[in-house]
Amino acid sequence: RVGNPNAVDMVMGVCAALLVIEAARRKVGWTLPILVGVLVVYGFAGPYMPGVLMHRGLDPGAFISSIYLSEEGIFGTPLQVAADFIMVFVLFGAFLRVSGAGEFFIDIADAAFGGMRGGPAKAAVISSGLMGCVSGSAVANVVTTGTFTIPMMKKTGYRPEVAGAVEAVSSTGGQIMPPIMGAAAFIMADFLRIPYWDVVKAAIIPAVLYYAAVFFMVDLEAAKTGLKGMPKSELPKAGEIMKRSGHLVIPVVVLIYLLGVVGYSAQKSAFFTIVLVVLVAALRKHTRINLRKFVSAMIEGAIGGLEVAAVCACAGIVIGILMRTGLGMMLTGMLVELSHGSLPILMVLTMIASIIMGMGLPTSACYIIVVVLIAPAMVQMGVPAIAAHMFAFYFACLSNITPPVAMSSYVAAGIAHSDQTRTSLIAVKLGLTGFILPFFFLNNPLLLYSSANPALATLWAFATACLGVSALAAGLQGWLFGPCSSVMRGLLLVAAFLAIDPGLKTDLAALALCAVAGVWSWKERGKG
């Protein structure tokens, strides 16, 4: 009865909408429900709105039909993706966690990087990236790895707010790190009508660049403050760790193989690897999943899936109203007009919109709304669809460290016993390169890997992007081989922005400026 609901449909539709909104409020706070309320008022008050905001208005029957009986509302694409893809991967992450994979990732990162300058922070970056690539949840990542890494950082001299910020920034990257990314990545694959593996391939180079940028920032922060690594006597031995728990890597490798080589669907690949986790974990007594751990993983997966489902269903109501009122197309047109046809201006507007929405919305909801409103405008200007979606996806992910509502930073601050606001602001500073990174791959689509791109050109683009993010980190921190003067920092920042442009001339200019700054910094260090 789409378009012609009866009395029972009306009652059930109102009940369903209210329950979905309340579920979202309980899981992620008031921001998303308030947004839905504003849009509902806008939908019914359309004939009385001023100027371009005026529309025909929704009657109760049309409203219930759009959000409850059609595939444009509660039961739309976001909730469908949550049911089809996200839930099974949430379960996979839960089973991997109860097997002890989190402790394994932390130990192997400590063994590799713990003894270096600022070692505990570097170990936090790497372990959070490893754990994030199989959990896809920023907050869960903070809780899992931060419980170990934050006290370790504090023990070696890091201020509590810095320790919390490092963990928050590192854990947030888990949503962009393949093979299991955040919930929004699965929604992206459905929006673009492409296999999830294509999203994974496109995300791999930017994800590596993100973690490289955070690693550089942490290293330079340690150099500035004189923080040392952990004593070798306290470090675990990599060989012993691999011998004891290295078998836990097998399910992750098999997942990548099934997705990328065999070509199985995401659901089928995840199901087989969940079974494999249980079998592989049984090889060692300390990783074996007994009945208690099995039930714990099922409960954790169900609770984790509930948050995603509530947010996706509520976001579906937003999409339904945007489509029925025409507000989505109108705002897209306004953005194109406001940017005067300039892609760089539209990119900045998209970044601002994503950050503002992300301040109160979870990643998936922020991504969905920004993509529906802004991605079409970017595509109109010639941006490849996957680049436009990935651009919005990145800023939606970074909402986890952006105040005033920065969930990753707040959870990390709780573990570190530090001030939430200060922790969040330091996290933004450490992750600032992540806010600029999307401009790299939007200007240079070669960074979004595809088998259709020339291998040599992709390698060159990756190399120059690495140069750009390292120069950006040094310029922001004001430290290279030693303290940087204002002019030296200026050279590094200019070099970083030149590296964004994919042209050969700008790449060579960036390389030259980095060389000048590097030699200059080395000589100044020698004088000191």
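Taking the six-membered ring where tryptophan is involved, the planes of F75 and Y68 are tilted, since the angle between them lies from 30° to 60°.
Around CZ of F435, the count of heavy atoms belonging to other residues, nucleotides or ligands within 6.0 Å exceeds 12. Counted within 6.0 Å of CZ on R422, heavy atoms from surrounding residues, nucleotides or ligands total 12 or fewer; the atom is thus considered open. Enclosure of atom CZ in R288 by more than 12 non-hydrogen atoms of other residues, nucleotides or ligands within 6.0 angstrom is indicated.
Listed by first then second residue, pairs satisfying side chain to side chain donor-acceptor pair (under 3.5 Å) with a partner in residues 40-51 number zero, not counting sequence neighbours. Identified under the side chain to side chain donor-acceptor pair (under 3.5 Å) test for residues 262-282, with sequence neighbours left out: none.
Judged as a salt bridge (Lys or Arg N to Asp or Glu O under 4.0 Å), and not counting sequence neighbours, R292 has no contacts. For H247, the side chain to side chain donor-acceptor pair (under 3.5 Å) partners are T287, not counting sequence neighbours.
Contact of the T172 side chain with the Y210 side chain is registered, since non-hydrogen atoms from C-beta on lie closer than 4.5 Å. Residues M181 and Y196 form a side-chain contact, since some pair of their non-hydrogen atoms from C-beta on lies under 4.5 Å apart. Contact check for Q175 versus N400: side-chain heavy atoms found under the 4.5 Å cut-off.
No side-chain N or O of T145 forms a donor-acceptor pair with one of S127 less than 3.5 Å apart.
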For residues 8-16, run the donor-acceptor check on the side chains, cut-off 3.5 Å, and write out each pair with its distance to 0.1 Å, sequence neighbours left out.
| from | atom 1 | to | atom 2 | distance (Å) |
| --- | --- | --- | --- | --- |
| D9 | OD1 | R1 | NH2 | 2.9 |
| D9 | OD2 | R1 | NE | 2.7 |
| D9 | OD2 | R1 | NH2 | 3.1 |
| D9 | OD2 | N6 | N | 3.1 |

Output side-chain donor-acceptor pairs under 3.5 Å for residues 87-102, partner residues at least two apart or in another chain, one line each.
| from | atom 1 | to | atom 2 | distance (Å) |
| --- | --- | --- | --- | --- |
| R97 | NE | E300 | OE1 | 2.7 |
| R97 | NE | E300 | OE2 | 3.1 |
| R97 | NH2 | E300 | OE1 | 2.7 |
| S99 | OG | L96 | O | 2.5 |

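With respect to N453, the side chain to side chain contact (heavy atoms under 4.5 Å, CB included) criterion is satisfied by exactly one of L448, L447, L446: L446. With I180 as the fixed residue, the side chain to side chain contact (heavy atoms under 4.5 Å, CB included) test singles out one of V252, I86, V200, L255: L255.
Shown here for V280 and I250, the closest heavy-atom pair between the two residues is CG2-CG2, 4.2 Å. Nearest heavy atoms, S170 versus Y211: O-OH, 2.6 Å. When every heavy atom of I176 is checked against every heavy atom of C397, the shortest pair comes out as CG2-SG, 3.7 Å.
Remark: side-chain polar atoms of Y394 are paired, donor with acceptor, to backbone N or O of P206 under 3.5 angstrom.
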